[in-house]
Each structure stands twice: as structure tokens, then as C-alpha cells.
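Here is the structure we will look at, set down as C-alpha cells.
The first residue in the sequence is number 1, and the count goes up from there.
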Amino acid sequence: ASLQAALIQPEDTQQKVLIRVNQSAITQQELDDAVQLALLNGHQPVDDNLENQLLEELVITEAMYQAAQQEKIEQKEQVKLTLIATQKKVLAEAWLADQLSQQPITEEQIKAEYERQVRLVRSGKNANEYKVLHIVVSDETLAHQIIKRLKVGDSFESLARTYSLDKHSAAKGGQLNWMMPDQLVPPLGDMLVTLPKGDLYPQPIKSSLGWHIVKLDNVREVIIPELDMIKSALLRNMIEERKNKVIDSLLNKSSIINSN
């Protein structure tokens, strides 16, 4: 059942027992509450797979809760302290969920954010993806020697397998996957956009990983997925941003005194 359908069900349907764990019942209302929480955390869409997963989690939690009660786990001192801390956390998360539910993210807002990100990608240095060959070594002198050998016709692939510290790409002759400049370790991305296709960068490039010898194999326009393919991830990011804004606003209004 959908979340909307669940919200308009009569009370007796809401209290319908779905599963019994020993003598305790798990009701439709408990499942609906779990679905609502999942929605607030960015899970999309609500389907049978999600509901079945949440129901299984409710069953496991109930069974473990009963076992803890039987063994009087709650009387242990450390558990008492944990329960106090947990109560604070639960109430805090409930407050945050309530704040987010007052202004839910709409389909129009998701579409607008998608279009904004598309514009950013297409207008910046990440408008293209690059297929790069690289060799990384720890010594600048060795890097210059490798570049000299490449300029006289030595095989990039062979030198990468022999010298590169990046063993994953070395096994493929120095070849990296298609990447946008910002996905490369700085400053490789900035250097890359200035390099004509098929050319070797004339000097070694220093990064936090060592000295890089870089050749640009190919360039293509970045492939931007359709909204439907990334909608769930986009929604999760938007919810996370909204959470941070709510928390920042609360902290700005709070009196916080550090005694240290």
C-alpha cells in the first residue's frame, strides 16, 4: 500500500495486525510510521520491496527487544546511561523529522535542482570527460627520464607497467577510466583541460601522490543521466542539505558556552 493510502485508512485498518512476534503484535500503523521515516530520509519510491524490508526490520527489532526484557538487560548501569542518551537522540531526530515534514521537498524543487546542476556541469571545466594515460612515480628525475623516453617513441603502456606506483592503472598500461577534471587528484584536472587530444604533457606534474606523466588519449562531452535515473540520490542530497540548514539555524539561536 502507498503512503497516501495508508494515511487515509480508518483506525481499525491502521491497527490491523500484520505479524505477531511471540505475543506482541506489529501493526499496520507501525509499518506506516516506518515508511514515513524512510521517506523523510530520502528513500524513493515506496514499493513492496521497501515495505517488506521495513517489516522484516520491525520483526527483528521486536524479537531482540523481547529477549532483552527477559534477561533484564535494562537494569545494567551502562544500559541505563545508554537509554538516556538514546531517548535524547530519538527526540532530537523526531524534532528534526517534524521540521522537515512541515516543508516537504516537491517534484518541482527536485527538477529545478537537477536543471541547476546540469547547467553547472555544462558551463564549467567538467563539461567534458577525459580518457587519460598516466604514470606516477616518487622521483622527479625519474619522471623526466620517462618523458624523454616517451618523446623518442618508447611505449607508454610498457613504461607504465614497469614504473608506475598506481598498480591498478599500471596493469592496464596506465589507462584511467573516463573522468571529469574534478575527479582527478589536483592539480591534474586543471592541467588536463589545456592539453590537446593525443598529446603528452611536456613536464611532470606534482601531486600529493607523486610525480605524474600524463597523456590525453581522448575527450568527450560529459554524459548527464536523465532525472529519473538519479532522482533518489538527488532527493537524499537535498534532504541532507535541508537538515544541515535546520540544524545550523537552531545552533545560531542557541546559547552555547564552551567551558574548556
Side-chain angles (χ1 to χ4, degrees), residues 41-44 110-244 248:
N41 286 322
H43 290 279
Q44 291 283 344
I110 296 173
K111 182 179 179 182
E113 176 61 16
Y114 171 77
E115 292 173 348
R116 185 189 72 82
Q117 292 193 16
V118 168
R119 287 194 300 271
L120 285 175
V121 169
R122 287 180 173 161
S123 63
K125 66 181 179 182
N126 291 316
N128 291 322
E129 290 181 308
Y130 298 82
K131 178 74 81 171
V132 179
L133 298 173
H134 92 137
I135 301 169
V136 58
V137 295
S138 59
D139 181 69
E140 183 181 8
T141 301
L142 176 59
H144 281 286
Q145 291 172 351
I146 291 172
I147 288 177
K148 287 181 181 179
R149 292 178 62 178
L150 289 170
K151 287 180 177 179
V152 298
D154 280 14
S155 165
F156 197 107
E157 290 78 6
S158 177
L159 291 172
R161 291 189 176 95
T162 302
Y163 294 107
S164 186
L165 299 175
D166 180 359
K167 298 306 179 185
H168 180 71
S169 65
K172 297 183 292 183
Q175 189 173 91
L176 300 173
N177 294 327
W178 285 100
M179 302 179 83
M180 293 183 290
D182 281 348
Q183 292 176 302
L184 292 162
V185 60
L188 264 64
D190 292 332
M191 305 294 189
L192 195 62
V193 296
T194 67
L195 193 62
K197 184 172 71 173
D199 279 12
L200 175 72
Y201 200 81
Q203 299 294 329
I205 303 171
K206 181 71 168 69
S207 83
S208 60
L209 301 179
W211 293 90
H212 299 258
I213 299 96
V214 174
K215 180 179 180 180
L216 178 55
D217 186 39
N218 207 348
V219 184
R220 71 182 183 190
E221 186 175 304
V222 68
I223 299 172
I224 300 176
E226 296 295 325
L227 173 58
D228 288 344
M229 296 178 62
I230 61 170
K231 185 176 180 181
S232 295
L234 191 59
L235 177 59
R236 285 195 295 272
N237 289 339
M238 292 176 70
I239 289 173
E240 194 62 30
E241 288 180 6
R242 187 163 290 187
K243 284 180 180 179
N244 291 336
D248 287 344

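When every heavy atom of Ala160 is checked against every heavy atom of Gly174, the shortest pair comes out as CB-N, 3.6 Å. Nearest heavy atom pair, residue Leu176 against residue Ser169, reads CD2-CB, 3.8 Å. Between Gln203 and His144, the closest heavy-atom pair is OE1-CE1, 3.1 Å. Across every non-hydrogen atom of Ser138 and Trp211, the tightest pair is O-CD1, 3.7 Å. The minimum heavy-atom distance linking Tyr130 with Leu216 is given by the pair CD2-CD1, 3.6 Å. The two residues Gly173 and Leu133 come nearest to each other via the heavy atoms O-CD2, 4.0 Å.
Within the model, atoms CD of Gln145 and CG of Asp139 stand 7.5 Å from one another, a figure rounded to the nearest 0.5 Å. If you take NZ on Lys151 and CD1 on Ile146, they are separated by 13.0 Å, rounding to the nearest 0.5 Å. For the atom pair CG (Asn177) and CD (Glu129), the distance works out to 10.0 Å, reported to the nearest 0.5 Å. Expressed to the nearest 0.5 Å, how far CD1 of Ile213 lies from CG of Leu159 amounts to 8.5 Å. With rounding to the nearest 0.5 angstrom, the CG atom of Leu227 is 11.0 Å from the CD atom of Glu113. Atom-to-atom distance recorded for Tyr163:OH and Ile135:CD1 is 9.5 Å, nearest 0.5 angstrom.
In this structure, Ser164 and Val137 have side chains that are not in contact, with every pair of non-hydrogen atoms separated by 4.5 Å or more. Between Lys231 and Ile110, the closest side-chain pair of non-hydrogen atoms falls below 4.5 Å. The shortest distance between side-chain heavy atoms of Lys215 and Val132 does not fall below 4.5 Å. With contacts defined as side-chain heavy-atom distances shorter than 4.5 Å, the pair Pro202/Ile147 does not qualify. Between Val193 and Leu195 there is no side-chain heavy-atom pair separated by less than 4.5 Å. Contact of the His212 side chain with the Val185 side chain is registered, since non-hydrogen atoms from C-beta on lie closer than 4.5 Å. Looking at heavy atoms from C-beta onward, Leu165 lies out of side-chain contact with Leu209 at the 4.5 angstrom threshold.
In this structure, Asp190 contributes its side chain and Pro186 its backbone to no donor-acceptor pair below 3.5 Å. With Glu115 contributing its side chain and Ala112 its backbone, the two residues share no donor-acceptor pair below 3.5 Å. Panel note: side chain Ser158, backbone Ser155; no donor-acceptor pair is recorded below 3.5 Å.
More than 12 heavy atoms of other shown residues, nucleotides or ligands fall within 6.0 angstrom of atom NZ in Lys206. Lys148 NZ: 12 or fewer foreign heavy atoms inside a 6.0 Å radius.
Between Lys125 and Asp182, at least one side-chain nitrogen of the basic residue sits less than 4.0 Å from a carboxylate oxygen of the acidic one, meeting the salt-bridge criterion. Look at Asp217 and Lys131 and you find no salt bridge, because none of the NZ, NE, NH1 or NH2 atoms lies under 4.0 Å from a carboxylate O.
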(request) Run the numbers on Tyr201 and Thr194 for side-chain contact (heavy atoms from CB on, under 4.5 Å), then give the verdict. (result) CA-CA 9 Å; Tyr201 200 81; Thr194 67; 4.2 Å; yes
(request) Please assess Asn128 against Arg220 for the test side-chain contact (heavy atoms from CB on, under 4.5 Å), listing each intermediate value before the final yes or no. (result) CA-CA 6 Å; Asn128 291 322; Arg220 71 182 183 190; over 6 Å; no
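In the model, Tyr114 has no side-chain atom that pairs as donor or acceptor with a side-chain atom of Arg119 under 3.5 Å.
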